[in-house]
Structure formats: structure tokens, C-alpha cells
Amino acid sequence: MRGDGQDGYYKESSRDDLIDQAAAWLVALDCGTADETAFEVWRNADPRHASAFAQAAATWRRTADPRVPGLLETSGQTELAAEHAYYEAGSRGAASSAMSRRTALSAGLAAMLAAGGVTAWLAVPQRAYAETMVGERRQIMLPDGSTATLNTNSRIGWHFGSERSIWLERGEALFDVRAGDSALRLHSDAIGAELTPGRFGLRLEPDTARLMVLAGSAKVQSYTIGSGHVAVARGSGLSIEPLDPQVAADATAWEGGRIVFNGMTLGQAVAEYNRYLPYSIVVAEPAIASTRLGGEFRISQPDDFLRSLEDGFGIQHRWHDGKIQLVSAPSPTGGG
Amino acid sequence: MAWLRDIDVWFADHVFLHRDRHRRYAASIVRNADDAEELVQEAYARLFALDNWRSIANPHAFTVRIIRNLAIEKARRADVVRIGDAALLHRAEIADEQPTPDVVAADRSELDRVVSAMQELPPRMREALYLRRVEGLPPPQVAEKMNISVSTVETHLVKGLRLLIRRLAGRDGQNGAENSVQCEATDKTDTIRNRRETT
């Protein structure tokens, strides 16, 4: 049984004790309530203490990763009540308070150590938020004069300090970026980019994210994407494709309150329209889902869209169970 | 934040990032997950006793080597060292000192685990952590929003952080990162178990 007494030191219970102590020190230091001298004594007493503390700090730091808000959002488990409170904070002129703090996310160890310390490493820049409800559209003037236009059911956060950062947490937005001292960093769960001055559109969907470069250029990973291209992130893959000007115009028509269907199927068109509606339109008959259609509609006038379906394709609609069902009209000759 | 040292940052970015690989490596040498974690923790503690950590060229490989040396030390303390043990140590070392594959991907799966651990926290702890860490509000503002005292905010944060650390270390509700390796190493670990039982 040689050595067992020493081994026992690392056993479960004492490891848990170390975790508890390290977590308590870290939070107390973070909240400014710790006796720093006592902390130094504790940390220096044993390399295991120093190690436990560094592990706690590494985990603590992760909780403020720029991608966390997006990940929390997409998994749909965020407390609703809390969510509401955050929104209020964001809309009450939080932009000014966001600018008052000069903390910054640091990009890497080398840059940080070169900058003379680790002060910023655990810091979280205070963010401001803005969001739109379903069917809503909103333009936000950012602190540097850049603008963000939010499409339906979207949410952004931003922090403009020594770096400019914007997070798209859900939905879709157009960004008109002004020149500044530094590149503007655009974050989202699926894709991140450094933007030059210009115009960009980012749309998040459950399985894909599309970043359109309409003017200027965007750096995604190690790729520089020029104007007239779109970066599509799907799973862990990234593809960069040329962007047809007409496609780009259609994809940004929402900015003017319009929705454009250019040869897409009824199924796709309905899915697109549903983004803007508090209720949903469903294609009740699979046979008509593949009908291809074109046309331009006011987003705020779904009745026009439904009437056109009836006039142009004989597709009728009826309310059922809180939804609008689309069905093919009975054949005019069928009744005799 | 004078209390945060350069070595803490270095450790997080160059060593702790590869924690899963360290645990898998350790689990391929010793009998169970608990002994493996013990080995990893001991190796990490050794790093914090070093003066020259800045000059370590490959901190991940260095850490793997410490784990291996600690395992050898332990084996030497035992009465019998079997050929099987030495062979296993050798094999595992080769398997795990290959260049770290895709740090970005590892980073993301780690982040996913952090996020799901955050979501599993009890609501008040989660709210406190969200307001402090994601929104970046100072503790007094977190307290105001949650309508509680600053010291209660601190309590929620401490408890939340403890739960996060334990969950990420697989100490609570076992996330089973070791399982795959254990099957592979079963025949070898049997010799270790036999040895222990005879001492």
C-alpha cells in the first residue's frame, strides 16, 4: 500500500474542495470583495491551488466567449422572463453606456501579453442590444455612424470600444459599415467576419448562414471575400460563391418592405413569407408545393399574395386551426 | 485584475484547451476515469511549479510527457513492472504526441459543452451568470436586475461556476469522454489491476 497516503490527496473529495475554493476566490476577485493578500497566500501555498485557480479562470473566461449568446439563443432554452429583461436594458439607450467602458476582447495571447498584461483577458465588454418582433423592421444607428437594419424577428448586440464588434444573434440584418480606426468584427454562431467599410447582409437559418458582401470586403477565416460574393456556412463547411446582382437585390428587397419571389417553389415562397407573419401559411397539398412562382409583394400585405395565388394558380386559402391552409381549387369543369 | 497571472492565460490557451486529450491519454494508461483525472491534475500542478514555463515549445506535448512520467513513477513504486505496462506507455505516447489536429474545431466542441452546461444550471444561477458574463453588467447592476443583494449575486456566481467546472470535468453526471479509450486498453489495464490486488 506504499504511496497511498500521498495518492489520496488528489482523490475525488479533495479535488472537489479545490474546485470549490478556486471558484469562490475567482468570483470574489471578480466582484471586488476578495482580500487579495489572502488570495496570494492561498495560491502560493500549493501548485495544486494555482492549477485549480487557473482551471476555474479558463472556464470562467469561456462563459464570456463572443459566440456564447448565439449558441444560447439557437438552442432555444433561454429564460423568457430574463430574455425580456435583457431586451429592455438594450433598448433604453444602452448604447451610451456601452461606449463608456473601454474594455476590449483581446484577440490572442501574443497580442495581449504585448499590450502589457492580462487585464482584459477575463473582461466582458458591456453590450447593447436591439431586436425586432416578427414582421417588424428596424434601423439602428450604431455609435460610429454605421447602421444596422434588422429584418423580422432578429436580434443584434454591439460593443464599440477600442474594437468594434457586432453580434447577430438571430435573424437577418444589413450592415452599412463606416470607416473606423479598426476593422469591424461581425460575430454569429455560424460565421464570423472582419468587415471593411461597405455594405453587408447576414442571414442566419437553422442549418446555414449567408454573408453577402454587397460593397467592401469581408475576411472570413483566412479568406477575403470581395464585393459581389456570398459566403455560405453550412455545418463546418464554408463556401464562397459569386453573387448575382439580381439575386442580391431580391434578397435585400425586405429593406424596402418588399418580398420578391423569382422562380422559387410555392413551398419555398411560403416559408419565406412566414418569416414575417405572426401566424403561418401552410401548403396543405404536397402536389401544389412544387408550383413555381414569381412576383413581388408588399410584406405588410399578405392578402395580396394570397389573392394572386388564387388568381394566377387557382390556389385557394382557408383558415384552419389558426393557420392559413393553401389548397388547390376544385377543378372548374369537375362540377359539370 | 492583477490577480490573474500570465501563466494562467498561458495554461488556458495552450494546455487546458487540450484537456480532453490529456484525460484520454491518462485513461489509456490507468485503470479508471478517476485515476486518470488524478494523473492529469497532478501533471497540471507540476506545470505551476515550473519557473521556465515560457520557454516550453509545445506545452501540450510537454504535458503529455509529464503525465507519462508520472505514470511511470507510479508504476515503479509498485512491486512489479510488467512488460505490458511499458509497451502501453510507449504506444500511448506515440498516439498522442501527434500535432494537435484542429484547434478551432476542438474549441467549438468545448464551447458547446460550456453552453449546454450553462443551460443546465438552476435558473437563478444561470441568470446571474448570464448578466455578469454575457451582458457584462457590473455586480451591483446584476443585483438590481435580479432584485437581490450583491452578496447573493456572488453566491449564485460561485455555485454556478462550481457546477460548470464539475460538469465540464465530467465529475457530475459523467460525460464519458474516457469510455472509448477504456475498451481499447482493457487487456493492458487488467495487468495493472492484478498487480494492485497482490500488493
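Order of the sequence lines sets the chain letters (A, B, ...), proteins ahead of strands, with each chain counted from 1.
If you measure heavy-atom distances from L129(B) to chain A, the contacts under 4.5 Å come from the side chain alone. For a residue to count as touching a neighbouring chain, one of its non-hydrogen atoms must lie under 4.5 Å from one of that chain's; by this rule F11(B) touches chain A with the side chain only. Heavy atoms closer than 4.5 Å to chain B are found nowhere in A22(A), neither backbone nor side chain.
In this structure the side chain of V27(A) never reaches within 4.5 angstrom of the side chain of R162(B), judged on heavy atoms. A 4.5 Å side-chain heavy-atom check between R61(A) and L4(B) finds every atom pair outside the cut-off. Contact check for D30(A) versus R132(B): side-chain heavy atoms found under the 4.5 Å cut-off. Residues L164(B) and W60(A) form no side-chain contact, since every pair of their non-hydrogen atoms from C-beta on lies 4.5 Å or further apart. Counting heavy atoms from C-beta outward, V68(A) and M118(B) have side chains that approach closer than 4.5 Å. By the 4.5 Å heavy-atom criterion applied to side chains, F53(A) and F48(B) are not counted as neighbours.
Crowding of E144(B) atom CD: a count of heavy atoms from other residues, nucleotides or ligands under 6.0 Å not exceeding 12. Environment of CG in N52(B): crowded, with over 12 heavy atoms of neighbouring residues, nucleotides or ligands closer than 6.0 Å. Annotation: D207(A), atom CG; neighbour count of heavy atoms from other residues, nucleotides and ligands within 6.0 Å is above 12.
Here the closest non-hydrogen pair linking V134(B) and Y129(A) is O-OH, 4.0 Å. The minimum heavy-atom distance between A45(B) and P47(A), with the atom names listed, is O-CB, 3.2 Å. Contact between A56(A) and L161(B) at its shortest, heavy atoms only, is O-CD1, 4.2 Å. For the residue pair A23(A) and I165(B), the shortest heavy atom distance occurs at CB-CD1, 4.5 Å. The shortest non-hydrogen separation linking D8(B) to A50(A) is OD1-O, 4.5 Å. Taking each heavy atom of E40(A) and W3(B) in turn, the nearest pair found is OE2-CA, 4.3 Å.
If you take CZ on R19(B) and CD on Q55(A), they are separated by 7.5 Å, rounding to the nearest 0.5 Å. Here CG of D112(B) is found 9.0 Å from CZ of R67(A). Values are rounded to the nearest 0.5 Å. A distance of 7.0 Å separates CD of Q41(B) from CD1 of I19(A), quoted to the nearest 0.5 Å.
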Open item on the list: If you apply the rule salt bridge (Lys or Arg N to Asp or Glu O under 4.0 Å), what do you find for D20(A) with R166(B), and how did you get there?
Closed with: CA-CA 10 Å; D20(A) 289 355; R166(B) 285 188 196 175; 2.4 Å; yes
